[in-house]
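In the text below, chain A, chain B and the rest are named by the order of the sequence lines, each starting its count at 1.
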There are 2 protein chains.
Amino acid sequence: MNEAATQPLTPEQNLEARAELFKALGHPMRLLILNLVKMKPRHGEELAAILNLNAATVSHHLGKLAEVGLLTAEKTQYYQVYSLSGALLDKPLRDVVFMPQPGVAAQVEEDAYRQKVLKTFFKYGRLKAIPAQLKKFMIVLEHIVQEFEPERTYTEREVNQVLVEFNDDVATLRRGLVDAGLLVRENSIYRRTAPAE
Amino acid sequence: MNEAATQPLTPEQNLEARAELFKALGHPMRLLILNLVKMKPRHGEELAAILNLNAATVSHHLGKLAEVGLLTAEKTQYYQVYSLSGALLDKPLRDVVFMPQPGVAAQVEEDAYRQKVLKTFFKYGRLKAIPAQLKKFMIVLEHIVQEFEPERTYTEREVNQVLVEFNDDVATLRRGLVDAGLLVRENSIYRRTAPAE
DNA sequence: TATCTAGTTTGATGAACATCTAATTAAATA
DNA sequence: TATTTAATTAGATGTTCATCAAACTAGATA
């Protein structure tokens with residue numbers, strides 16, 4: 001459990017990495033270990049004795065804390081002595097929780113845009129009008145294609161049955177889906193392609 | 001999932017509560033939710049759409065975030081609109097991780113002391129000498145008694161067999177254990193009393 | 001009032017995790 | 001070299017958790 005050691009967590013890092021840090025902190029025993037190590041560096045066996053935990057379990061916890069860069073280990077004699085490491089803990093919580101704007105924001109505005117488009121064109125699950133702009137049409141199609149089960153085939157009639165729930169102009173929708181590559185047609189049989197994301 | 005709402009997390013709070021906060025933060029989806037809500041208050045359905053998650057799942061996540069006081073909800077029309085709440089995120093990480101000294105420290109020094117005593121008097125599992133100070137003798141006895149199985153009876157001879165592994169002066173050890181109430185003797189039969197912790 | 005929409009709760013399922021015991025590795029001493 | 005001690009790894013087990021579908025609750029509108 002030592003290979004992935006000590007990435008310093010730059011502000012640019014992704015949500016998974018940030019969540020890993022919090023997961024490492026999200027256990028009472030590990031918080032206690034940090035408190036104990038803060039007082040003075042300690043080795044696993046000592047911690048096991050104090051915490052009344054199996055040595056293997058303590059090793060497990062220490063591994064997690066070291067993995068996210070909260071602890072560093074130094075080997076002396078038998079012992080693997082752990083100490084607090086890095087300035088990670090001096091950061092305000094918000095610095096770890098919130099992504100720097102370019103990162104999430106872009107992603108989010110993207111989503112927000114999708115939302116806005118869908119909200120504009122759908123009403124009560126029906127497609128009120130077919131978007132004239134290609135980009136918006138794409139968003140609508142990506143939404144509609146999710147009504148088709150992956151791993152299943154549809155006759156053209158079945159495709160139409162799905163589409164008519166959205167809009168009467170099933171021909172335009174069907175052609176759009178195929179043109180966008182969201183449905184494939186082979187021998188008059190339709191099938192949904194790669195999952196939406 | 002709304003009953004346990006919004007405890008402000010005083011610095012005096014215990015490790016479990018602190019761990020709960022970190023657990024709530026220890027999931028990428030919940031971090032994303034916080035980032036999204038930071039931009040503007042949002043309701044569950046919107047988040048479900050953006051995150052491409054089931055509404056029930058989003059509700060679950062929002063519940064956890066609200067439970068530890070990171071979000072607050074306000075009801076408007078249909079919607080339950082969530083916003084960031086409290087100054088929790090402005091705290092430096094260390095303020096949440098580290099207990100105020102009186103709490104852990106006392107507990108810990110206690111343990112550290114035990115450790116030191118045991119290390120002083122035991123060598124390779126044997127008791128090198130019998131402590132003259134009562135307090136230290138107690139610590140040693142509490143350690144030794146763990147070699148006795150609870151829920152089992154021992155003859156005096158069996159007791160001695162266990163004790164001689166620690167030190168040849170079995171009589172002193174045996175008497176000490178009984179005096180300390182760690183072993184009880186009834187009709188020449190010994191039995192361990194309440195579990196160590 | 002009947003219907004629609006958003007939210008929550010419940011139950012089921014699979015994944016992740018904490019913990020232990022046992023086996024293994026590695027360092028230190030007899 | 002053989003034994004002891006600390007640490008890690010592997011395997012097993014029970015618990016917690018994330019997720020979804022379905023049932024249910026409660027505003028809002030027709």
Rounded distance in Å - [atom1] ([X]) to [atom2] ([N]):
X       : N      : atom1 : atom2 : answer
B:Met29 : C:dA16 : CE    : P     : 14 Å
A:Tyr78 : D:dA6  : OH    : C1'   : 8 Å
B:Leu51 : D:dT19 : CG    : C1'   : 13 Å
B:His43 : C:dT8  : NE2   : C1'   : 16 Å
B:Glu45 : C:dA6  : CD    : P     : 4 Å
B:Leu71 : C:dG7  : CG    : C1'   : 15 Å
A:Leu32 : C:dT19 : CG    : P     : 12 Å
B:His27 : C:dC17 : NE2   : C1'   : 13 Å

Please tell me which of the listed nucleotides, [options], lies nearest to the side chain of [X]?
X       : options                : answer
B:His61 : C:dG7, D:dA22, D:dA18  : D:dA18
B:Tyr79 : D:dT4, D:dT19, C:dG7   : C:dG7
B:Ala55 : C:dT8, C:dA28, D:dC20  : C:dT8
A:Lys75 : C:dA27, D:dA6, D:dC20  : C:dA27
B:Lys64 : C:dC20, D:dA18, C:dA18 : D:dA18
A:Ser59 : D:dT9, C:dA28, C:dT5   : D:dT9
B:Tyr82 : C:dT9, C:dT8, C:dA6    : C:dT8
B:Arg30 : D:dT19, D:dA18, D:dC20 : D:dA18

Pairwise 5' ranking along DNA chain C for A:Gln77 and A:Gly26, keeping only the more 5' one |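 Looking at DNA chain C, the more 5' nearest nucleotide goes with A:Gly26.
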
5'-most by nearest nucleotide on DNA chain C - B:Asn54 or A:Asn54 |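 Closer to the 5' end of DNA chain C: B:Asn54.
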
Please determine if a side-chain N or O atom of A:Thr57 lies less than 4.0 Å away from the OP1 or OP2 oxygen of C:dC20.
->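 Looking at the OP1 and OP2 atoms of C:dC20, one of them is under 4.0 Å from a side-chain N or O of A:Thr57.
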
Quick one: CG on B:Leu84 to CZ on A:Phe98, what's the gap to the nearest 0.5 Å?
->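 Reported to 0.5 Å precision, the distance equals 4.5 Å.
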
Quick one: pull up CD in A:Glu67 and NZ in A:Lys23 and give me the separation to the nearest 0.5 Å.
->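 If we round to the nearest 0.5 Å, A:Glu67:CD and A:Lys23:NZ are 10.5 Å apart.
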
With under 30° as parallel and over 60° as perpendicular, where do the rings of B:His27 and B:His61 fit, or are they tilted in between?
->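 B:His27 and B:His61: tilted rings.
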
Do the ring planes of A:His43 and A:Tyr79 sit parallel (below 30°), tilted (30 to 60°) or perpendicular (above 60°)?
->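 Tilted, since the angle between the ring planes falls between 30° and 60°.
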
Across the strands shown, which category fits A:Leu62 at heavy-atom distances under 4.0 angstrom: base, sugar-phosphate, nothing?
->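 Contact class for A:Leu62: none.
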
Indicate, with a heavy-atom threshold strictly under 4.0 Å, whether A:Lys23 touches base, sugar-phosphate, or nothing.
->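 The answer is sugar-phosphate, as A:Lys23 gets under 4.0 Å only of primed atoms, P, OP1 or OP2.
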
Test side-chain contact (heavy atoms from CB on, under 4.5 Å) on B:Leu51 and B:Thr57 and set out the steps.
-> CA-CA 10 Å; B:Leu51 303 172; B:Thr57 304; over 6 Å; no

More than 12 non-hydrogen atoms from neighbouring residues, nucleotides or ligands closer than 6.0 Å to CZ on A:Arg152, yes or no?
->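 Enclosed: over 12 neighbouring heavy atoms sit under 6.0 Å from CZ of A:Arg152.
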
